[in-house]
Structure formats: structure tokens, C-alpha cells
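Residue numbers start at 1 and run along the sequence shown. Every value quoted in this text rests on a predicted model; they were computed, and no experiment measured them. Basis for what follows: all heavy atoms, side chains included, without hydrogens, waters or symmetry-related copies.
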Amino acid sequence: MQFILNTLISAIVIASAVELSNRSSFLSSLLVSLPLTSVLALSMLYFKSSDVTKVSELSLGIFWFVLPSLGFFLLLPVLLKFGLNFWASLFISIISLGIFYFFYSLLLRRFGFL
């Protein structure tokens with residue numbers, strides 16, 4: 001039941017963002033940038049376990065992995081500006097995100113953050 005509720009909330013947020021983007025890119029961007037998925041995951045983890053240590057660890061992990069994801073949001077518009085089609089730009093951005101995550105996680109491990 002919780003999975004269905006999370007899926008419904010996620011679908012509503014995504015559909016709302018798409019509809020809102022037709023009216024205002026700013027408001028749509030604001031909606032999508034909110035950490036709704038993280039808030040749901042943290043809430044559900046606490047609801048299931050009541051373990052604040054697990055919630056704290058997940059929250060800190062989310063923080064560390066948000067940083068490399070910003071590269072995706074910078075690379076995609078640059079590729080589109082250079083005239084690459086949407087699907088190619090999206091694919092390259094996603095592959096780059098995977099590479100960013102890989103090297104970033106190595107860096108975090110090296111310095112003892114993971």
C-alpha cells in the first residue's frame with residue numbers, strides 16, 4: 001500500500017510539473033527541485049523503522065549524492081544549446097551522470113565519507 005501511495009504522489013508531482021511548465025518554467029523548476037522524493041523516503045524509513053540513526057545516515061547520504069547530480073542539470077542545457085537533439089543530449093547527460101557518480105563515490109570513500 002505504501003508503494004502505491006508513493007507512486008501516486010510521485011506521478012501527481014511529475015504531471016503537475018509538466019502542466020505547470022506550460023505556464024511557468026520558473027514555478028515548474030521550483031516544484032521539481034523540491035526534495036519531495038527524499039522527504040517521502042525519509043518519512044517512510046522512519047515510519048517503518050523508527051530508527052533516527054538510519055534516517056540521519058540516509059539524509060547525509062542524499063546530501064553527498066545531490067552534489068554530483070548537479071552536473072546533469074548543467075550538461076543537458078549546454079548540449080541542447082549546441083544543437084544536439086533532445087534524446088542524444090539526455091542520453092549523454094545520463095551517461096555522464098553515471099560517470100560523475102562513480103568517480104565521486106570513489107572520492108567520498110577515499111576521504112571516509114562513505
Side-chain angles (χ1 to χ4, degrees):
M1 185 65 175
Q2 291 171 346
F3 177 77
I4 293 171
L5 179 62
N6 287 344
T7 303
L8 261 135
I9 291 170
S10 299
I12 289 168
V13 169
I14 292 167
S16 298
V18 170
E19 285 301 313
L20 191 56
S21 70
N22 290 327
R23 296 183 187 99
S24 169
S25 293
F26 173 79
L27 291 177
S28 179
S29 300
L30 178 64
L31 177 62
V32 174
S33 72
L34 295 172
L36 298 173
T37 305
S38 299
V39 169
L40 283 172
L42 293 166
S43 300
M44 289 299 167
L45 176 61
Y46 182 76
F47 179 74
K48 282 185 172 185
S49 70
S50 296
D51 187 342
V52 293
T53 302
K54 285 183 179 181
V55 171
S56 177
E57 288 173 356
L58 179 58
S59 179
L60 191 56
I62 292 168
F63 168 78
W64 285 116
F65 280 105
V66 162
L67 297 175
S69 71
L70 298 176
F72 171 87
F73 297 107
L74 293 173
L75 184 58
L76 182 62
V78 168
L79 294 173
L80 292 170
K81 229 175 222 184
F82 279 122
L84 213 57
N85 75 47
F86 171 77
W87 294 111
S89 298
L90 186 63
F91 179 76
I92 291 168
S93 297
I94 290 170
I95 296 300
S96 298
L97 179 61
I99 293 167
F100 293 157
Y101 276 139
F102 175 75
F103 286 109
Y104 188 72
S105 65
L106 291 177
L107 186 68
L108 288 178
R109 282 193 179 102
R110 177 166 170 81
F111 291 103
F113 289 106
L114 287 181

Count I, L, V, M, F, W, Y as connected when their side-chain heavy atoms are under 4.5 Å apart, and connections chain through other members. Are [X] and [Y] then in the same cluster?
X: Phe86; Y: Leu75; result: no
X: Ile95; Y: Leu106; result: yes
X: Val55; Y: Phe47; result: no
X: Leu108; Y: Leu67; result: yes

Show, in sequence, the C-alpha distance, side-chain angles and deciding distance for Ser69 and Val66, and conclude whether the side chain to side chain contact (heavy atoms under 4.5 Å, CB included) test is met.
CA-CA 5 Å; Ser69 71; Val66 162; 4.3 Å; yes
Would you say the side-chain atoms of Ser56 pair up with the backbone N or O of Thr53, donor to acceptor, closer than 3.5 Å?
no
Between Tyr104 and Ile99, is there a donor-acceptor pair closer than 3.5 Å when you use the side chain of the first and the backbone of the second?
no
Identified side chain to side chain contact (heavy atoms under 4.5 Å, CB included) counterpart of Ile9 within the set Ile12, Thr7, Leu5:
Leu5
Only one of Leu74, Leu80, Leu76, Val78 passes side chain to side chain contact (heavy atoms under 4.5 Å, CB included) with Ser93; say which it is.
Leu76
Once rounded to the nearest 0.5 Å, what's the spacing between atom [atom1] of [X] and atom [atom2] of [Y]?
X: Ser96; Y: Phe91; atom1: OG; atom2: CZ; result: 9.5 Å
X: Leu45; Y: Leu58; atom1: CG; atom2: CG; result: 6.0 Å
X: Trp64; Y: Leu107; atom1: CH2; atom2: CG; result: 9.5 Å
X: Ile14; Y: Glu19; atom1: CD1; atom2: CD; result: 13.5 Å

Closest non-hydrogen atom pair between Leu79 and Ser89, with its separation
CB-OG, 3.5 Å
Residues Tyr101 and Phe65: closest non-hydrogen pair is CE2-O, 3.3 Å
Checking side chain to side chain contact (heavy atoms under 4.5 Å, CB included) for the pair Val52/Tyr46: CA distance, chi angles, key distance, verdict?
CA-CA 7 Å; Val52 293; Tyr46 182 76; 3.7 Å; yes
Find out whether Pro68 and Leu97 are in side-chain contact, i.e. whether some heavy atom of one side chain is under 4.5 Å from a heavy atom of the other.
no
